[in-house]
2 protein chains.
Amino acid sequence: MQLSNSSQYAIRILSYMALHKESKLLNATQLAEALQIPYKFLTKIMTEIVKSGLVVSIRGRDGGYKFEKPTSEIMVNEILSIFHDSIPDEQCVLGIGFCNGLCKCALHDQWMEPKHLMQKMFQESSLEDIAGKGCKF
Amino acid sequence: MQLSNSSQYAIRILSYMALHKESKLLNATQLAEALQIPYKFLTKIMTEIVKSGLVVSIRGRDGGYKFEKPTSEIMVNEILSIFHDSIPDEQCVLGIGFCNGLCKCALHDQWMEPKHLMQKMFQESSLEDIAGKGCKF
DNA sequence: TCCAATTACTACTTATAGGTAGAATTATAA
DNA sequence: TTATAATTCTACCTATAAGTAGTAATTGGA
């Protein structure tokens, strides 16, 4: 009942970048240091985010990462979907291949409300919204 | 963002047993057949449930499983905790070691409501409540 | 041109969940 | 007492997530 570590790190990284977007580029060393994420794991995650198109990378000296579009237009859910971690409508709490329109599980109805709240939270929160909220990590 | 397969299976097994509690004992073969769960995996899960004390097993010929206490007194959350799958109060959505009273993550406040709904759903639903709700699986 | 700083790629290791196989143990009924 | 039907135990296999290591490719500047 948790997001994958990759998704959690990704949200923290991008929300840190959103907060520091005045500095032209942020590189992997700075991000790993600031957010206390293992450097090698961070670069792996960043490469996936770059492939998704949310962020562009500049290689070579003075390189780093920056956003492709305004942070107000990047929703948390887009980040989760890179790591196959967003919550599909069909997903249910006892849903191993059985829970659907024809055949509802015993907790189906009670599950709807928290599910929708979580979907809403992910779909309607932009990086702009969450950047700087809470503390550093 | 899902319960483990073991937890999902366990809830389905026990809720099936609750529905058929008039029959003195149900054995692993019957349960695996009725619920379409791999026999060997089901016995592994049942052994853990027996160790937890929720269910007793009778070995040998005409053996099987039965509840230790009324199904109205067995909450879904008790089942989840056997598989370390219940939602602790401290758990947060961006909670890799950082989210606590001193240091809240960016989604901390938005997370409270769905979390509490899920906790409530698990803590206040008994097997009696959910048995027979929804369809067979 | 060459060095240094940077990301990207490939491959590996480790940890954990999910699932399977076979033999050991237990208990009943005939 | 013996065959049989059941759970339990130990060990394994497979898939996936998490994390690490080393090297290649790219770029800017001296």
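Residue numbering restarts at 1 for every chain, and letters A, B, ... go by the order of the sequence lines.
- Phosphate proximity of D:dG22 to A:Y39: absent, as no side-chain N or O sits under 4.0 Å from OP1 or OP2.
- The shortest distance between the side-chain N/O atoms of B:N5 and the OP1/OP2 oxygens of C:dG19 is below 4.0 Å.
- Interface residues of residues 74-88 of chain A facing DNA chain C, ordered by number: none; criterion, heavy-atom separation under 4.0 Å.
- Closest to the side chain of A:K40, from the set C:dA27, C:dA8, D:dT7, is C:dA8.
- Contact annotation for A:S6: backbone-only contact, meaning every heavy-atom pair under 4.0 Å involves sugar-phosphate atoms and none involves a base.
- Using a 4.5 Å heavy-atom threshold, the side chains of A:F83 and A:I45 count as touching.
- The separation between A:Q8 atom CD and D:dA17 atom P is 15 Å, rounded to whole Å.
- Contacts between residues 46-57 of chain A and DNA chain C, defined by a heavy-atom separation under 4.0 Å, are made by A:T47, A:V50, A:K51, A:S57.
- Linking Ile, Leu, Val, Met, Phe, Trp and Tyr residues whenever their side-chain heavy atoms come within less than 4.5 Å places A:M1 and B:M1 in a single cluster.
- Residue B:R61 has its side chain nearest to D:dA5 when only D:dA5, C:dT20, C:dT6 are considered.
- B:K21 pairs by the side chain to side chain donor-acceptor pair (under 3.5 Å) definition with B:T71, B:E128, not counting sequence neighbours.
- Side-chain proximity of B:D62 to C:dT28, D:dA18, D:dA25: nearest is C:dT28.
- For A:A28, whose side chain is taken as the heavy atoms from C-beta onward, the closest listed nucleotide among C:dG18, C:dT7, D:dT20 is C:dT7.
- Among the protein residues, B:Y65 comes within range of the sugar-phosphate backbone only, with heavy atoms under 4.0 Å from sugar or phosphate atoms but none that close to a base.
- Looking at the side chain of A:F41, the nearest of the listed nucleotides D:dT7, D:dA18, D:dA11 is D:dA18.
- To the nearest 0.5 Å, atoms OG (A:S15) and NE2 (A:H20) are separated by 10.0 Å.
- At whole-Å resolution of the value, CG in A:L26 and C1' in C:dT7 are 14 Å apart.
- Closest-nucleotide positions on DNA chain D for A:R59 and A:S7 were compared, and the one nearer the 5' end corresponds to A:S7.
- Interatomic distance, OH of A:Y16 versus CG of A:L127, reported as 15.0 Å (0.5 Å rounding).
- Look at CD on B:Q30: it is 14 Å from P on D:dA5, rounded to the nearest Å.
- No side-chain heavy atom of A:D85 sits under 4.5 Å from any side-chain heavy atom of A:I79.
- Ion pair A:E73/A:K69 not flagged as a salt bridge, since none of the NZ, NE, NH1 or NH2 atoms sits closer than 4.0 Å to an Asp/Glu carboxylate oxygen.
- Both A:K44 and A:G64 lie close to DNA chain C; mapped to their nearest nucleotides by heavy-atom distance, the more 5′-ward contact belongs to A:G64.
- We find the NE2-OG distance between B:H84 and B:S6 to be 11.5 Å, quoted to the nearest 0.5 Å.
- For the pair A:P38 and A:I58, both in contact range of DNA chain D, the more 5′-proximal nearest nucleotide belongs to A:P38.
- Between the side chains of A:Q119 and A:D89, at least one donor N or O lies within less than 3.5 Å of an accepting N or O.
- Looking at B:I87 and B:L80, their side chains never come closer than 4.5 Å, going by heavy atoms from C-beta outward.
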